[in-house]
Amino acid sequence: MNEKQSLWKQIDWFSILIPLIGVVILCVIFMTLPSQSTIVLQAIRGFLGDDCGLYYGILGLGIFACTIYIACSRYGKIKLGDTEKPKYSSFKWGTMIFTSTMAADILFYSLCEWALYANETHIEEMGGIQKWASTYPLFHWGPIAWCFYIVLAVAFGFMLHVRGRDKQKFSEACRPILGKRVDGFWGKLIDLIAIFALIAGTATTFSLATPLLATSVSRVFGFQSGVGLTIVILILIALVYTLTVWFGMKGITKLASVCTYLFFGLLLYVLIGGGEARYILETGFSALGNMVQNFIGMSTWMDPLRETSFPQNWTIYYWAYWMVWCVATPFFIGTISQGRTIRNTIFGGYAWGLAGTFTSFIILGNYGMAQQLKHGVDISGFIANGGDYSEAILKVFDTLPLSSIGLILLVITMIAFYSTTFDALTMVVSSYSYKRLDVNKEPDKRIRTFWAIMFILLPIALIFSENSMYSLQSVSIIAAFPIGFIVLLITASFFKDANLYFKERETRP
């Protein structure tokens with residue numbers, strides 16, 4: 001009884017109940033008034049993406065430049081904690097970084113994103129599918145996308161391991177600038193925005209690839225594809241990551257290693273079994289060079305005359321999507337980076353994140369391109385004519401030997417990726433739920449189990465309405481607008497606190 005009372009007093013109920021109530025109300029509105037809510041949210045999303053698109057563009061390029069400056073300056077020498085060596089080996093650390101992010105989304109988009117760009121007028125004007133449909137996925141999932149994670153991981157790691165703060169919240173990282181105001185209205189507002197964005201983002205990512213999982217399972221085992229099968233898969237994912245909750249960080253580490261082996265198994269199956277290894281690697285090598293050569297131009301092009309609106313439809317969308325997701329994952333990266341220098345955290349985070357992301361897009365994406373450009377399988381045309389993304393991906397797998405085995409491997413890998421990602425998220429959001437929590441103490445398993453269940457209930461409730469799914473995705477993109485200001489505030493707070501830290505070391509006897 002005393003233990004229950006103690007846990008009850010430790011929980012910040014305001015930060016739990018208000019976001020949940022808000023999301024539930026929005027879901028009810030989306031489901032009862034789907035067309036009206038979609039029109040309103042499309043208008044807001046269009047305003048932020050079109051009229052305020054420059055905000056996202058400057059923020060993305062600026063934060064990326066900021067991370068490079070931090071790593072190469074004296075800030076990069078700061079060690080995150082007093083431990084003699086890093087808490088985790090480089091391999092374990094790197095696999096947890098990649099698998100705790102949008103790894104399942106990365107896998108999904110790797111298989112079909114090139115085909116989405118293939119239908120864009122801008123791609124044709126630039127030079128065609130071969131050169132640019134393979135380049136833009138690397139750009140949109142490349143350094144600028146990862147910089148939002150990296151800069152916050154550094155700030156949170158410094159806050160937790162160097163300054164030893166026991167509030168694992170977005171607002172606490174703003175304390176060097178806001179001071180005591182983080183304990184009042186402004187702190188609560190920052191945390192509410194962060195938690196709301198996280199809940200909206202999780203529902204978005206679950207809605208993205210579960211239709212592919214359901215379609216794949218239906219194809220292999222002959223089950224009837226539909227809402228019921230999709231919900232069963234969602235429950236299976238929830239069951240896996242809820243079970244790993246009870247093993248804490250050890251469970252996350254082991255699951256991350258399993259994900260990595262499954263991921264490379266899938267990549268080898270496509271690379272070797274597909275018979276297009278030379279084309280895949282040469283196209284990937286060319287795309288990397290093309291992206292590096294045109295990086296600044298791609299980062300700053302805003303299509304002022306709106307001749308194609310390509311940056312508004314894609315680049316701005318992706319920066320916003322990654323910004324919504326940067327609410328939780330950087331806390332996790334900062335926590336597991338104990339014992340590393342800031343320079344190692346930045347360059348290592350980029351290296352592991354980009355290595356996994358680029359490998360996935362180069363092998364899986366370029367194999368699909370080979371089937372269209374060399375063998376006449378019209379994947380992009382199928383999508384342009386209203387074809388389902390999942391069915392388009394299955395058309396690619398149909399060209400592989402033993403395609404049923406490949407689909408089973410795809411399903412298992414994506415479920416493992418989802419489980420690892422949401423296991424890490426439950427760790428972070430459970431820490432948010434405490435008034436105070438020491439950095440070396442894990443949240444109570446009951447709190448983590450509660451959030452593990454909550455993360456799955458919202459997608460299940462919304463899976464019955466496609467409009468409400470799209471509406472919630474729009475909410476997550478809109479949520480990125482205030483998150484951008486908070487990212488800037490946290491970054492500025494890091495610089496102020498780090499400079500104070502240097503002064504304290506200089507004056508210390």
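Heavy atoms only: backbone and side chains are in, while hydrogens, waters and symmetry mates are out.
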Is the shortest side-chain heavy-atom distance between [X] and [Y] below 4.5 Å?
{"X": "Phe295", "Y": "Ile144", "value": "yes"}
{"X": "Ser218", "Y": "Leu229", "value": "yes"}
{"X": "Phe494", "Y": "Ile70", "value": "yes"}
{"X": "Tyr55", "Y": "Phe485", "value": "yes"}
{"X": "Asn313", "Y": "Thr308", "value": "no"}
{"X": "Trp93", "Y": "Ser337", "value": "yes"}
{"X": "Glu307", "Y": "His122", "value": "no"}
{"X": "Asp388", "Y": "Ile383", "value": "no"}

Please determine whether a side-chain nitrogen of the Lys or Arg among Asp398 and Arg219 lies less than 4.0 Å from a carboxylate oxygen of the Asp or Glu.
yes

If I take atom [atom1] from residue [X] and atom [atom2] from residue [Y], how far apart are they, to the nearest 0.5 angstrom?
{"X": "Ile150", "Y": "Cys66", "atom1": "CD1", "atom2": "SG", "result": "12.5 Å"}
{"X": "Ile363", "Y": "Ser110", "atom1": "CD1", "atom2": "OG", "result": "9.5 Å"}
{"X": "Phe139", "Y": "Met298", "atom1": "CZ", "atom2": "CE", "result": "5.0 Å"}
{"X": "Ile408", "Y": "Leu266", "atom1": "CD1", "atom2": "CG", "result": "12.5 Å"}
{"X": "Glu276", "Y": "Tyr367", "atom1": "CD", "atom2": "OH", "result": "7.0 Å"}
{"X": "Leu373", "Y": "Ser134", "atom1": "CG", "atom2": "OG", "result": "9.5 Å"}

Applying side-chain contact (heavy atoms from CB on, under 4.5 Å), can you list everything that pairs with Ile405, at least two apart in sequence or on another chain?
Leu402

Aromatic rings His140 and Trp319: how do their planes relate, parallel, tilted or perpendicular, breaks at 30° and 60°?
perpendicular

Just by modelled atom types, is the [Y] backbone N or O under 3.5 Å from a matching donor or acceptor in the [X] side chain?
{"X": "Thr399", "Y": "Val396", "answer": "yes"}
{"X": "Thr329", "Y": "Cys326", "answer": "no"}
{"X": "Ser360", "Y": "Gly356", "answer": "no"}
{"X": "Asp303", "Y": "Pro311", "answer": "no"}
{"X": "Gln312", "Y": "Met302", "answer": "yes"}
{"X": "Arg340", "Y": "Thr345", "answer": "no"}
{"X": "Trp322", "Y": "Ala145", "answer": "no"}

Report yes or no: do Thr315 and Tyr56 form a side-chain donor-acceptor pair below 3.5 Å?
no

Just checking [X] against [Y], ring centres under 6.0 Å apart?
{"X": "Phe98", "Y": "Phe263", "answer": "yes"}
{"X": "Phe170", "Y": "Phe156", "answer": "yes"}
{"X": "Phe331", "Y": "Tyr149", "answer": "no"}
{"X": "Phe361", "Y": "Trp114", "answer": "no"}
{"X": "Tyr117", "Y": "Phe310", "answer": "yes"}
{"X": "Trp314", "Y": "Tyr136", "answer": "no"}
{"X": "Trp146", "Y": "Trp141", "answer": "no"}

Going through the distances and angles, do Ser380 and Gln372 end up as a side-chain hydrogen bond (donor to acceptor under 3.5 Å, both in side chains)?
CA-CA 8 Å; Ser380 64; Gln372 174 158 321; 2.8 Å; yes

Test side-chain contact (heavy atoms from CB on, under 4.5 Å) on Phe148 and Phe64; report intermediate values, then the result.
CA-CA 8 Å; Phe148 298 113; Phe64 171 65; over 6 Å; no

What do the steps show when you test Val151 against Ile346 for side-chain contact (heavy atoms from CB on, under 4.5 Å), and what is the final call?
CA-CA 8 Å; Val151 73; Ile346 291 175; over 6 Å; no

For [X] and [Y], work out which heavy atoms get closest and say how close.
{"X": "Ile393", "Y": "Phe108", "result": "CD1-CE1, 3.9 Å"}
{"X": "Cys147", "Y": "Gly60", "result": "SG-O, 3.7 Å"}
{"X": "Ile280", "Y": "Asn366", "result": "O-ND2, 3.3 Å"}
{"X": "Leu407", "Y": "Ser216", "result": "CD2-OG, 3.9 Å"}
{"X": "Ala153", "Y": "Ile333", "result": "CB-CG2, 3.7 Å"}
{"X": "Gly57", "Y": "Ile316", "result": "N-CD1, 4.1 Å"}

I'd like to know whether Met323 forms a side-chain contact (heavy atoms from CB on, under 4.5 Å) with Phe481, so could you lay out the CA-CA distance, the side-chain angles of the two residues, the decisive distance to 0.1 Å, and finally the verdict.
CA-CA 9 Å; Met323 284 164 62; Phe481 191 78; over 6 Å; no

Please, which pairs that meet side chain to side chain donor-acceptor pair (under 3.5 Å) have at least one residue in residues 281-292, sequence neighbours excluded?
Gln130-Thr283, Thr135-Asn290, Arg278-Glu282, Asn290-Asn294

Taking only residues at least two apart or on different chains, which pairs with a member in residues 260-271 satisfy side chain to side chain donor-acceptor pair (under 3.5 Å)?
none

Residues, nucleotides or ligands: over 12 heavy atoms within 6.0 Å of Tyr389 OH:
no

Taking everything shown except Phe264 itself, do over 12 heavy atoms lie less than 6.0 Å from its CZ?
no

Using side-chain contact (heavy atoms from CB on, under 4.5 Å), reason through Val232 and Val217 one step at a time and then give a plain yes or no.
CA-CA 11 Å; Val232 169; Val217 171; over 6 Å; no

